S.K.: 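One structure coming up, written as structure tokens, with questions to follow.
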Amino acid sequence: MLKGSCCKPLSDIGEKCKMGKEDIKQQDINNAAWKACDTFRGVMDATGYKDFILVMLFLKYISDTWKAHLEEYRKRFSGDDTRIRRRLERERFVLPEGAGFYELYEKRNDANIGELINVALDSIEEKNRTKLEGVFRNIDFNSEAKLGRTKDRNRRLKMLLEDFNGPELDLNPNRVAEDVIGNTYIYLIEKFASDAGKKAGEFYTPHKVSELAARLCAPKPGARICDPACGSGGLLIEAARQVGDKNFSLSGMEVNGGTWALCRMNMFLHGMDSARIEWCNTLTGPALVEKDRLMKFDNIVANPPFSLDKWGAEEAADDRFNRFWRGVPPKSKGDFAFITHMIEVALEKKGRVAVVVPHGVLFRGSAEGRIRRKLIEENLLDAVIGLPGNLFPTTSIPVAILIFDRSREKGGANETRKDVLFIDASREYQSGKNRNTLLDEHLDKIVRAYQKRESIEKYAHLAGVSEIEENDCNLNIPRYVDTFEEEEPIDIDAVEQEIEELETELAEVRGKMRKMLKELEG
């Protein structure tokens, strides 16, 4: 028997890895995973139960992957334990003996099942420190406060294990492509965000907004990509997809420990194990540092929390990285603190920044106005793109994407560019019951307009810096893109004639009603 790194005797491996079946469809996996949430609905809200579902999905994925690989090596090496063990040492991760999903499933009726799950997760962390250390520290499957007293808790955990043991959630990699499980993870995060409402802002950016920001930032092969407010990692993943190959590096920072853990698992499920995701406060204690200096990146994308209060303004003047030399943003609005950080970590003369912001960033005065003016004077602002309202579960306000391009600096490839493109895409969206949605056609139109950098009637305007300065560096989009629609001229004679016809018709109706009333009286 091969011990230590495997889950069961080699003769037992592969019992649940049945080959030759039809590949499971993406929607089937999505539906089955979402159905598992029924175990918790009514007990806690989505922000509470999302962690239990996503961790169980993660455990099921690595268990099915491990079992499939063991079956493959058992056949390839004819049961030679030494050769199998040597090959397992080169796997992406190690699943310790007894820590797999199926071992826990067999113990689903045990009185201490919550504790057993915690122990299994701890051992997985211990065996995979470089990739998973700390990922499960914020999740407690034995929590009375979240899962109820022992009897109820055990019943719920048993149901959860049984839900994930169904054939729809057989995540054998020979049947399920790697991107399918990653897509299911993102699908669940989107569904949780819909249920969580305003709390969703801690971990979620709408997928199409992420895709648009990533396309506008346009990372190239070899790019170092960063999201300093990465949430659950969706925007980083979209930026990586834009590269077109595996030649990139990802880095991120997230202040919420639970959300940081979601991001780490998300990276792992998308095959981006080497991503460096730090748990820290970007504005007061950034952890992406090399030799006591901020790390620099080719592309920076982010959807920071809107108008963050108490972001650390009192410490900004003494910032050891001197990020706020243009001025300290207001203590009750941290938007420009994030923007400033992103620009400072963009590579000189080549780095690009795409950041999602509330519209107040475009026109608010005082400290923000002064910072905005300096950025324009430095010739860093490349584009301002207005999006529709009600795209986010957290707010109904319209948002904008700002593009900053450090290649416009002196010595950069685009230093001669002295204009800013304004795009008003606020009227183009698919209306939904609860939220609006951007479609591929809307994204394509925005990206084409950005790449052409030409004025388009009632949609885009290429403004020179002097025009912006004439507007006192106010970037409010309606100042530059005229979307006013003139009403059709009114034909007074036709209106008067229509009124006369209506009055005649009304008189006839009244006459008929009087006649009917008299008949009723008689």
Side-chain angles (χ1 to χ4, degrees), residues 2-8 10 13-14 16-17 19 23-24 29 33 54-77 81-104 120-137 139 164 169-186 225 230 232-234 236-237 240-241 243 245-252 260-278:
L2 182 62
K3 297 182 178 180
S5 60
C6 76
C7 304
K8 284 189 175 183
L10 291 180
I13 296 302
K16 297 193 182 283
C17 297
M19 306 298 176
D23 289 347
I24 301 175
I29 295 179
L54 292 173
V55 168
M56 190 58 66
L57 178 67
F58 184 84
L59 177 61
K60 185 64 162 59
Y61 165 74
I62 63 174
S63 298
D64 283 347
T65 300
W66 186 259
K67 292 174 82 64
H69 289 181
L70 276 169
E71 172 68 9
E72 177 189 342
Y73 302 148
R74 183 173 69 87
K75 291 178 179 179
R76 185 189 305 178
F77 302 126
D81 288 0
T82 301
R83 296 180 70 186
I84 294 172
R85 183 183 295 108
R86 189 179 301 127
R87 186 62 183 84
L88 287 171
E89 290 173 353
R90 298 198 294 271
E91 288 290 303
R92 288 174 60 207
F93 62 90
V94 172
L95 187 63
E97 185 175 1
F101 171 84
Y102 295 107
E103 288 80 3
L104 293 170
L121 296 176
D122 287 343
S123 64
I124 291 171
E125 272 196 32
E126 182 64 29
K127 286 289 187 179
N128 301 273
R129 280 181 169 272
T130 57
K131 295 182 179 181
L132 298 176
E133 184 177 12
V135 167
F136 307 119
R137 75 178 73 179
I139 184 75
F164 273 89
L169 285 171
D170 180 355
L171 305 179
N172 185 326
N174 295 313
R175 301 177 61 205
V176 180
E178 183 178 70
D179 62 336
V180 170
I181 182 62
N183 290 342
T184 296
Y185 193 88
I186 290 177
I225 306 168
C230 62
S232 54
L236 269 178
I237 290 169
R241 285 174 173 166
V243 174
D245 60 30
K246 298 289 187 180
N247 185 17
F248 58 81
S249 69
L250 299 181
S251 301
W260 167 84
L262 294 183
C263 185
R264 292 280 301 276
M265 286 188 281
N266 204 1
M267 294 296 125
F268 192 95
L269 292 174
H270 281 86
M272 301 173 185
D273 306 4
S274 59
R276 179 178 173 180
I277 310 298
E278 297 286 352

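Worth saying up front: this structure is predicted, and the values here are computed from it rather than measured. Position 1 is the first residue of the sequence; numbering continues from there. Below, all heavy atoms of this structure are taken into account, side chains as well, without hydrogens, waters or symmetry copies.
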S.K.: Any side-chain heavy-atom pair from Arg276 and Ser249 closer than 4.5 angstrom?
M.R.: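 SC-SC contact between Arg276 and Ser249 ruled out.
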S.K.: Quick one: list whatever passes ring pair (Phe, Tyr, Trp, His ring centres under 6.0 Å) with Phe268, sequence neighbours left out.
M.R.: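 Applying ring pair (Phe, Tyr, Trp, His ring centres under 6.0 Å) to Phe268 gives Phe58, Phe93.
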S.K.: Does Glu89 reach the side chain of Val94, with side-chain heavy atoms less than 4.5 Å apart?
M.R.: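 Contact flag for Glu89/Val94 side chains = no.
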S.K.: Rounded to the nearest 0.5 Å, what separation is found between the CZ atom of Arg90 and the NE2 atom of His69?
M.R.: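 Result: 13.0 Å between the selected atoms.
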S.K.: Minimum heavy-atom separation for Ala68 to Pro173, with atom names?
M.R.: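 Ala68 and Pro173 have their closest heavy atoms at CB-CD, 3.7 Å.
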S.K.: Check Leu236 against Met267 and note the closest heavy-atom contact, atom names and distance.
M.R.: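 Scanning both residues, the minimum pair turns out to be CB-CE, 4.1 Å.
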S.K.: Is Glu71 salt-bridged to Arg74, cutoff N-O under 4.0 Å?
M.R.: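 A salt bridge is present here (some side-chain N lies under 4.0 Å from a carboxylate O).
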S.K.: Roughly how far, to the nearest 0.5 Å, is CZ of Phe101 from CG of Leu57?
M.R.: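 Answer for the CG-CZ pair, Leu57 versus Phe101, is 10.5 Å.
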S.K.: Any chance you could lay out the side-chain contact (heavy atoms from CB on, under 4.5 Å) test for Ile225 and Val243, step after step, and finish with the verdict?
M.R.: CA-CA 10 Å; Ile225 306 168; Val243 174; 4.0 Å; yes
S.K.: Could you tell me whether a side-chain N or O of Asn266 sits under 3.5 Å from a main-chain N or O of Leu262, the two making a donor and an acceptor?
M.R.: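 Pair absent, no side-chain N/O of Asn266 close to backbone of Leu262.
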S.K.: For the atom pair CG (Leu250) and OG (Ser274), what is the distance rounded to the nearest 0.5 Å?
M.R.: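 That separation rounds to 7.0 Å.
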S.K.: Within the side chain of Glu91, is there an N or O that forms a donor-acceptor pair under 3.5 Å with the backbone of Trp66?
M.R.: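 No; judged by distance alone, with no hydrogens or angles, the pair does not exist.
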S.K.: Measuring only between side-chain heavy atoms, which start at C-beta, is Tyr102 closer than 4.5 Å to Lys60?
M.R.: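 Of all side-chain heavy-atom pairs linking Lys60 with Tyr102, at least one is under 4.5 Å.
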S.K.: Just so I know, are the side chains of Arg83 and Arg76 near enough to count as touching, which here means a heavy-atom distance under 4.5 Å?
M.R.: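 Answer no - side chains too far apart.
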S.K.: Would you compute the distance between atom CG of Leu95 and atom CG of Leu59 and round it to the nearest 0.5 angstrom?
M.R.: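 Those atoms lie 7.5 Å apart.
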S.K.: What closest approach, in Å, do Met272 and Ala240 show between heavy atoms, and which atom pair accounts for it?
M.R.: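 In this case the closest contact between Met272 and Ala240 is CE-CB, 3.8 Å.
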S.K.: Give the minimum heavy-atom separation between Pro96 and Lys127, together with the two atoms involved.
M.R.: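 Between these two residues, the closest heavy atoms are CG-CG, 3.4 Å.
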S.K.: Would you say the side chain of Leu121 lies within less than 4.5 Å of the side chain of Val135, judging by non-hydrogen atoms?
M.R.: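 No. Closest side-chain heavy atoms not under 4.5 Å.
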S.K.: For the atom pair OG (Ser232) and CG (Leu54), what is the distance rounded to the nearest 0.5 Å?
M.R.: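 Reported to 0.5 Å precision, the distance equals 9.0 Å.
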S.K.: For His270 and Ile237, which heavy atoms make the closest approach, and how far apart are they?
M.R.: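 Minimum heavy-atom contact is ND1-CD1, 3.4 Å.
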S.K.: Taking only residues two or more places apart in sequence or in another chain, which ones pass side chain to side chain contact (heavy atoms under 4.5 Å, CB included) with Ala120?
M.R.: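 Ala120 satisfies side chain to side chain contact (heavy atoms under 4.5 Å, CB included) with Ala99, Leu104 only.
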S.K.: When you compare the side chain of Thr65 with that of Leu171, does any pair of heavy atoms fall below 4.5 Å?
M.R.: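 Leu171 does not reach Thr65 side chain to side chain.
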S.K.: Decide yes or no for Tyr61 and Met265: does some side-chain heavy atom of the first lie under 4.5 Å from some side-chain heavy atom of the second?
M.R.: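 In short, these two side chains do not touch, never coming nearer than 4.5 Å.
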S.K.: Calculate, to the nearest 0.5 Å, the distance between atoms CG and CD belonging to Asp122 and Glu126 respectively.
M.R.: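 So the gap between those two atoms works out to 9.0 Å.
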S.K.: Restricting to non-hydrogen atoms, name the atom on Asp273 and the atom on Arg92 that form the minimum distance, rounded to 0.1 Å.
M.R.: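 Heavy-atom minimum between the residues: OD1-NH2, 2.6 Å.
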